[in-house]
Amino acid sequence: MRGRVSGTFSVIHRDASCGARLGSLKTPHGEIETPIFMPVGTNATVKAMTPEDLWAVHAQIILANTYHLYLRPGHRLVESLGGLHRFMNWSGPILTDSGGFQVFSLGELRKISEEGVKFQSHLDGSYHVLTPELSIKIQEALGADIIMCFDECPAATADYDYVSRSLEMTTRWAKRCKEAHSREGQQLFGIIQGGMHHDLRARSLNEICAIGFDGYALGGLSVGEEKEQMYGVMESCAPLMPQDAPRYIMGIGAPEDLVEAVWHGFDMFDCVMPTRNARNGMLFTSQGRINIKAKAYEEDGGPLDPACGCHVCRTYSRAYLRHLYRAGEILASQLNTYHNLYYYLDLMRRMRGAIRENRFTEFRRDFYGSQTDNHV
Ligand SMILES: CNc1nc2cc3c(=O)[nH]c(N)nc3c(CCN)c2[nH]1
């Protein structure tokens, strides 16, 4: 079992008007300025983006998935070829999720037990057992800078007793993950469960923090709950989490969710929304979301977002982006993804600036005012 990787995270500045804080997280592949958004690169690629594009949109750290890379091409193959960074030509930090959530959202025929999760591959129907120990070994073989404990994310519909028993098993699994983890320099984050119940959240938080990890994540959110429930869990958990460790909310979220979470004092986020929405023509702008396939843009020679400084907004018209999308061109996914990720990462940059200048509460108020949602 490895102790905490000391001195990797420091809080640089706190905005006195709220919970927002500026942080620095050091990893073997570089230093990360927080708050930060992590583009999702499930199969060792952020879909439709080259590593050069990711640097151009100022990505600092990306996420990859244990479940997918274990099934294809296999973690031992990636390890034999020099590890995930070499394999995908991304020299920046990488965080890998532990596989539990993906098994439940993708695998067929899952059976959960104290040992772990038995499941059938969504690719070929083959049978597998993912355990806390195997999840850690896979993530060590991939060589991510930050790895996640193997946990169970209960469905939003799960009842109180199920959520209570589930968090107790997640705590036992977290202990097994810490025991199994031995790769020097690699950070291990614990995951707090407890559903939408503040007493169960506090219990999970205390148990996971008592084990001691390099960072702490809120799991079990963005699973179909109401926004008020999600924000309520953020508000109740943030003050109870260690001040001096990174705080990550998994699977979050829409731009307004990121602003709310930063306001409460969270540091790291990941979500497929910017990349998945891009491929479906749903684009984020300073005036809210737009649907690029709408007829309203057929003859619109203007930029996607006049307030955006990205290459796409400086180069192409809405009419051209609409044409590419309707023609089913591959370039539509590339340009739309490039812009959406630039928007998300620029939003994080603007939030860091607001925290640095102690004006984050004003930033949050102005942000809500600007988002006249669902433009055509
Ligand atoms: C989209 N919503 C969402 N909720 C999550 C919860 C967990 C969660 O509770 N645990 C883990 N390990 N991952 C989660 C993920 C995947 C994050 N890339 C979630 N994604």
Side-chain angles (χ1 to χ4, degrees), residues 36-47 61-70 93-107 110 112 116-117 119 130-132 134-136 138-139 142 144 146-158 162-163 166-171 173-174 176-177 187-197 200-201 204-205 207-208 213 215-227 229-231 233-234 237 246-255 257-258 261 266-277 344:
I36 189 59
F37 177 81
M38 299 183 279
V40 174
T42 287
N43 286 310
T45 163
V46 176
K47 291 180 174 29
I61 175 172
I62 63 167
L63 181 143
N65 273 310
T66 294
Y67 169 83
H68 297 77
L69 294 171
Y70 160 72
I94 297 175
L95 180 147
T96 44
D97 196 2
S98 51
F101 180 82
Q102 290 76 32
V103 165
F104 280 91
S105 47
L106 275 172
R110 292 94 55 193
I112 193 165
V117 186
F119 67 95
L130 195 49
T131 64
L134 177 57
S135 173
I136 294 298
I138 294 167
Q139 296 181 83
L142 295 173
I146 302 171
I147 69 174
M148 302 306 293
C149 279
F150 188 70
D151 64 321
E152 183 191 10
C153 172
T157 53
Y162 183 91
V163 173
S166 169
L167 81 83
E168 290 162 2
M169 186 166 67
T170 285
T171 296
W173 283 359
R176 288 168 54 185
C177 286
Q187 297 184 53
L188 174 63
F189 281 20
I191 302 176
I192 294 156
Q193 293 292 349
M196 309 307 152
H197 309 287
L200 297 183
R201 281 281 172 184
S204 178
L205 194 153
E207 292 175 358
I208 295 298
F213 291 100
Y216 300 92
L218 285 191
L221 292 176
S222 192
V223 290
E225 75 276 10
E226 298 300 321
K227 288 252 191 208
Q229 288 181 296
M230 178 200 293
Y231 293 174
V233 169
M234 290 181 193
C237 287
R247 300 163 174 174
Y248 166 24
I249 306 189
M250 308 188 84
I252 305 274
D257 301 338
L258 298 176
F266 289 90
D267 309 304
M268 298 169 72
F269 311 93
D270 86 277
C271 188
V272 295
M273 193 176 274
T275 40
R276 185 176 293 170
N277 282 24
Y344 261 65

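Order of listing sets the numbers, starting from 1, for every ligand and every atom in it. Heads up: numbering here begins at 1 and tracks the sequence.
When only modelled atom types and interatomic distance are considered, Glu152 and Ser166 share a side-chain donor-acceptor pair under 3.5 Å. Neither side chain, Tyr70 nor Asn65, offers a donor N or O lying under 3.5 Å from an acceptor on the other.
The distance from ligand 1 to the heavy atoms of Gly220 drops below 4.0 Å at these ligand atoms: 6 (C), 8 (C), 9 (O). Using a 4.0 Å cut-off to heavy atoms of Asp151, the atoms of ligand 1 that qualify are 8 (C), 9 (O), 10 (N), 11 (C), 12 (N). Residue Gly219 has at least one heavy-atom neighbour below 4.0 Å for each of these atoms of ligand 1: 8 (C), 9 (O). Contact atoms of ligand 1 toward Ile191: 12 (N) (distance under 4.0 Å to a heavy atom of the residue). Those atoms of ligand 1 that come under 4.0 Å of a heavy atom in Asp270, given as number and element, are 17 (C), 18 (N). Numbered from 1 in the order shown, with element, the atoms of ligand 1 that lie under 4.0 Å from a heavy atom of Ser98 read 12 (N).
Between the side chain of Thr96 and the main chain of Gln139, no donor-acceptor pair closer than 3.5 Å is present.
Proximity of Gln193 to ligand 1 is established by a heavy-atom distance of less than 4.0 Å.
In terms of protein heavy-atom proximity, atom 7 (C) of ligand 1 is closest to Phe101 CD1, 3.6 Å. Scanning the protein for heavy atoms near atom 16 (C) of ligand 1, the closest one is Asp97 OD2, 3.3 Å.
Ile208 is listed as a side-chain neighbour of Thr171, based on a closest heavy-atom distance under 4.5 Å. When side chains are defined from C-beta on, Ile191 does not count as touching Phe150, because their heavy atoms never get closer than 4.5 Å. Between Val233 and Glu225 the shortest side-chain heavy-atom distance does not fall below 4.5 Å.
Contacts between Leu221 and ligand 1, counted as non-hydrogen atom pairs separated by less than 4.0 Å, involve the backbone only.
For atom 2 (N) of ligand 1, the nearest non-hydrogen atom from the set Cys271, Cys153, Ser222 comes from Ser222.
When the shell of 6.0 Å around CZ of Arg276 is examined, it contains 12 or fewer heavy atoms from other residues, nucleotides or ligands.
Test Asp97, Thr42, Thr66 against Gln102 for side chain to side chain donor-acceptor pair (under 3.5 Å) and you get one pass: Asp97.
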